[in-house]
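Please read the structure below before turning to the comments.
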2 protein chains.
Amino acid sequence: MRPTTSDIAHEAGVSLATVDRVLNDRPGVRAVTVEKVRAAIIRLGYVRDLSAANLARQRTYRLAIVIPESNNEFHQVVRQTLDDCLPTALSERTDIELLPVPAHDPHALVNTLNGLDRANIDGVGLMAPETPLVRDAIRDLKHAGIAVAALVSDLPNTERDFFVGINNVAAGRTAGELLGRFLNSDPSRVLVLASSMQSYDSAERRLGFDSVIAQEFPHITVMPTMESHDEPENIEAMVKRAFTRYTDIRGVYSLSTGNRALSRCISNLHIDDKPYMIAHELTPHTRSALQDGSIDAVITQDLGHIMRSALRILRAKSDAMDIVPSQERIRIEIIMRANLI
Amino acid sequence: MRPTTSDIAHEAGVSLATVDRVLNDRPGVRAVTVEKVRAAIIRLGYVRDLSAANLARQRTYRLAIVIPESNNEFHQVVRQTLDDCLPTALSERTDIELLPVPAHDPHALVNTLNGLDRANIDGVGLMAPETPLVRDAIRDLKHAGIAVAALVSDLPNTERDFFVGINNVAAGRTAGELLGRFLNSDPSRVLVLASSMQSYDSAERRLGFDSVIAQEFPHITVMPTMESHDEPENIEAMVKRAFTRYTDIRGVYSLSTGNRALSRCISNLHIDDKPYMIAHELTPHTRSALQDGSIDAVITQDLGHIMRSALRILRAKSDAMDIVPSQERIRIEIIMRANLI
DNA sequence: AATAATTTGAGGTACGTACCTCATTCTCCG
DNA sequence: CGGAGAATGAGGTACGTACCTCAAATTATT
């Protein structure tokens with residue numbers, strides 16, 4: 001049987017009340033007594049029973065999760081992943097209010113953040129681009145004593161407590177290292193496509209990609225980023241033009257969305273020597289594209305881990321508990337056909 | 001406030017005892033009444049409070065984890081990872097008995113398994129090679145009603161409940177796909193090294209590797225596996241001989257251990273065009289080898305996830321609860337310098 | 001209609017911890 | 001040495017669920 005607080009009290013020769021004071025850092029205990037209790041705790045190998053503690057504390061965690069909503073596949077995967085987490089969260093005394101906000105609508109985002117009932121929320125997790133108004137809203141939340149975690153995209157210049165996601169510069173470096181090694185040592189060209197370079201994520205990935213290519217694969221020319229603004233027609237026109245003009249494009253790097261249109265358009269060009277293509281994020285489309293070979297590798301992050309980690313962190317932060325950083329580190333994953341599960 | 005059992009009782013117009021009978025599948029409730037209660041549960045969105053339930057049930061999970069012990073780096077990482085899990089497990093009402101068994105000692109292994117106190121254990125997780133005696137021991141454990149999970153290496157022909165780890169054939173395929181793409185299209189040769197091909201893991205990886213190379217990269221010749229039996233001198237002699245005899249070795253694939261000696265020996269050969277090297281498992285050495293470029297990619301699995309997943313599964317199994325398979329899937333990870341964290 | 005069997009209700013205790021109050025004992029200081 | 005203030009003890013309740021017993025009500029069977 002595992003030792004309980006009473007066992008410690010007995011072992012330390014003090015009363016239950018004193019053990020309780022020590023365990024919960026309440027004042028009014030002499031240093032010597034604290035030591036006696038601490039020693040007994042170690043001697044017996046006591047570990048606080050979290051179930052009982054949570055029950056007694058009557059603690060429920062009220063979290064709000066703000067995510068973008070659009071017809072973008074990645075956003076839908078995010079939503080799906082979160083939905084899958086809800087049942088587990090509920091049985092862990094965690095009430096989650098899911099707040100989807102139209103993507104690319106800074107106004108709606110800020111309204112949602114400001115509309116949060118500060119008195120009834122312990123933590124907020126949000127996946128959103130950083131803007132001055134968002135910074136203000138986060139500062140406001142922090143002042144109200146609410147834990148804030150950035151999900152997937154960091155909000156580095158805000159007062160957020162934690163970022164749960166990958167380092168996008170490193171993700172870009174990974175893409176660069178991979179593509180650099182896939183291409184042989186002949187001079188060649190890489191086409192880069194993004195939805196918009198306004199996005200920190202894309203900018204950081206590009207930065208990492210460029211630095212690796214410049215350093216380790218100088219024979220590769222990385223073309224300026226083409227911004228599609230999520231218009232399939234743009235993609236088609238730009239890509240067609242690029243492949244017509246340059247015959248040595250041997251790699252394609254997609255920084256963000258638009259992979260479906262991109263794949264289609266490249267396959268329509270019927271190029272003899274299909275260029276290597278690397279994209280980010282596992283979605284229904286990138287999965288099937290890995291399967292049929294139109295994408296060669298996907299750099300991704302495990303959204304399930306991100307969400308579960310975010311919930312753990314928000315709970316811990318709102319209890320001012322510390323976390324195990326190694327357990328919360330999100331890996332940059334490389335998925336190819338062979339390790340697609 | 002979240003609804004409790006009393007709320008349901010009230011809502012359904014029955015007593016607490018009846019709600020309890022329904023919730024815990026106890027007999028003696030009419031079908032109509034069960035329906036009334038079920039409806040109230042759904043109406044109120046009741047979710048059983050696991051903390052309180054576990055507390056009341058007085059449930060503690062007693063698990064035994066059997067792992068190999070040797071001076072092998074991977075084994076030490078396994079041990080380290082488990083040690084890190086212990087505190088968390090303890091506060092989740094889980095008592096873990098850690099049983100390190102000398103690696104390559106089937107006798108000690110079986111003794112340990114047979115020595116487990118069947119009356120006082122709910123689950124066993126083990127990382128061990130499959131032998132007839134192990135099969136028998138596992139059958140025995142299962143007959144005693146104990147949950148059994150295979151860790152890292154599967155025990156496919158036993159009565160284990162679950163395997164927590166990666167598919168090694170797929171891991172080998174991943175290595176093959178990666179190395180195949182790293183090498184250009186000139187005919188070349190790949191050297192393959194393993195500790196011993198008696199190990200299922202190595203055999204499966206080799207199988208996957210070969211199939212991808214044969215199918216997608218037919219210009220690459222995969223040499224017969226060299227077995228080092230963990231003797232650095234063997235490695236040195238064999239590798240030196242191979243590189244002397246064949247000048248077109250452009251890739252090295254290490255299926256299991258011995259990476260330290262292998263790296264050293266290859267760098268000592270001072271080959272102009274350093275061969276690409278792929279290994280398995282992140283360890284202190286493979287990490288630093290990725291850093292300094294002597295290894296180009298490591299195929300690995302997140303041991304932290306494996307262990308936490310194993311604990312969740314053993315708890316669930318010993319409660320006859322079902323698990324969320326997608327949450328327990330272990331990914332085959334590709335680590336290169338750029339995504340080494 | 002009487003009896004048996006089944007279903008339901010009422011009320012209790014227990015789990016381990018948190019948190020509260022109030023009385024008592026100790027310690028330190030003047 | 002006496003008194004103030006701090007430290008400690010004793011005892012209580014609460015959290016939400018599990019599990020128990022026994023009585024009462026309802027239904028089924030004869």
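Since the structure is predicted, the reported quantities are computational estimates derived from the model, not experimental observations. Reminder, nothing fancy here: chain letters follow the sequence lines and each chain counts from 1.
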- Message: Reading DNA chain C in the 5' to 3' direction, which nucleotide is the first one with an atom under 4.0 Å from a heavy atom of chain B, and which is the last?
- Response: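 In short, chain B contacts DNA chain C from C/dT7 to C/dG16.
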- Message: Suppose the criterion is salt bridge (charged side-chain N to carboxylate O under 4.0 Å, His left out): which pairs have a residue in residues 31-45 of chain A, not counting sequence neighbours?
- Response: A/Glu11-A/Arg43
Please identify each residue that fulfils salt bridge (Lys or Arg N to Asp or Glu O under 4.0 Å) with [X], with sequence neighbours left out.
X        : result
A/Arg21  : none
B/Arg139 : B/Asp136, B/Glu159
B/Asp83  : B/Arg79

- Note on the structure: side chain to side chain donor-acceptor pair (under 3.5 Å) with A/Thr94: of A/Arg312, A/Arg315, A/Arg59, A/Arg62, only one passes, and it is A/Arg315
- Across all chains, not counting sequence neighbours, the side-chain contact (heavy atoms from CB on, under 4.5 Å) partners of B/Asp154 are B/Ala150, B/Pro156, B/Arg160, B/Phe163
- Message: I'd like to check the side-chain contact (heavy atoms from CB on, under 4.5 Å) partners of B/Asp161; sequence neighbours left out, ordered by chain and number.
- Response: B/Lys142, B/Ala147, B/Val148, B/Lys317
- Message: I'd like to know if the side chain of A/Asp84 reaches the main chain of A/Thr81, judged simply by a donor and an acceptor atom lying under 3.5 Å from each other, with no hydrogens or angles considered.
- Response: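 Not confirmed, A/Asp84 side chain does not pair with A/Thr81 backbone.
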- Donor-acceptor contact present, side-chain A/Asn24 to main-chain A/Asp20, <3.5 Å: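 Yes, A/Asn24 side chain to A/Asp20 backbone: donor-acceptor pair under 3.5 Å.
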- Message: If you apply the rule side-chain hydrogen bond (donor to acceptor under 3.5 Å, both in side chains), what do you find for B/Ser309 with B/Glu328, and how did you get there?
- Response: CA-CA 6 Å; B/Ser309 175; B/Glu328 311 302 347; 2.6 Å; yes
- Task: Residues of residues 30-38 of chain A with any non-hydrogen atom less than 4.0 angstrom from an atom of DNA chain D: list those, numerically ordered, please.
- Result: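 Here the set is A/Arg30, A/Thr33.
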- Heavy-atom contacts under 4.0 Å between residues 15-22 of chain A and DNA chain D, which residues?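 Here the set is A/Ser15, A/Ala17, A/Thr18, A/Arg21.
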- Could you check A/Gln58 against B/Arg26 and say which one's nearest nucleotide on DNA chain D is further toward the 5' end? A/Gln58
- Going by number, which of residues 2-12 of chain A have a non-hydrogen atom under 4.0 Å from DNA chain C?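 A/Thr4, A/Thr5, in order of number.
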- Message: Using every non-hydrogen atom in the two residues, find where A/Ile306 and A/Val164 come nearest and quote the distance to one decimal.
- Response: O-CG1, 3.5 Å
- Smallest separation among heavy atoms of A/Val101 and A/Asp105, with atom names: CG1-O, 4.4 Å
- Message: With rounding to the nearest 0.5 angstrom, report the CD to CG distance, B/Glu130 to B/Asn157.
- Response: 4.5 Å
- Item | Point-to-point distance, once rounded to the nearest 0.5 Å, from CG of B/Leu16 to OG of B/Ser6 |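 If we round to the nearest 0.5 Å, B/Leu16:CG and B/Ser6:OG are 4.5 Å apart.
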Could you list, one pair per line, each protein nitrogen or oxygen that sits under 3.5 Å from a nitrogen or oxygen of nucleotides 23-25 of chain D, together with the distance?
none

Can you list, pair by pair, the side-chain donor-acceptor contacts under 3.5 Å of residues 63-70 of chain B, counting residues two or more places apart and other chains?
unit_1: B/Ser70; atom_1: OG; unit_2: B/Asn72; atom_2: N; d: 2.9
unit_1: B/Ser70; atom_1: OG; unit_2: B/His75; atom_2: ND1; d: 2.7

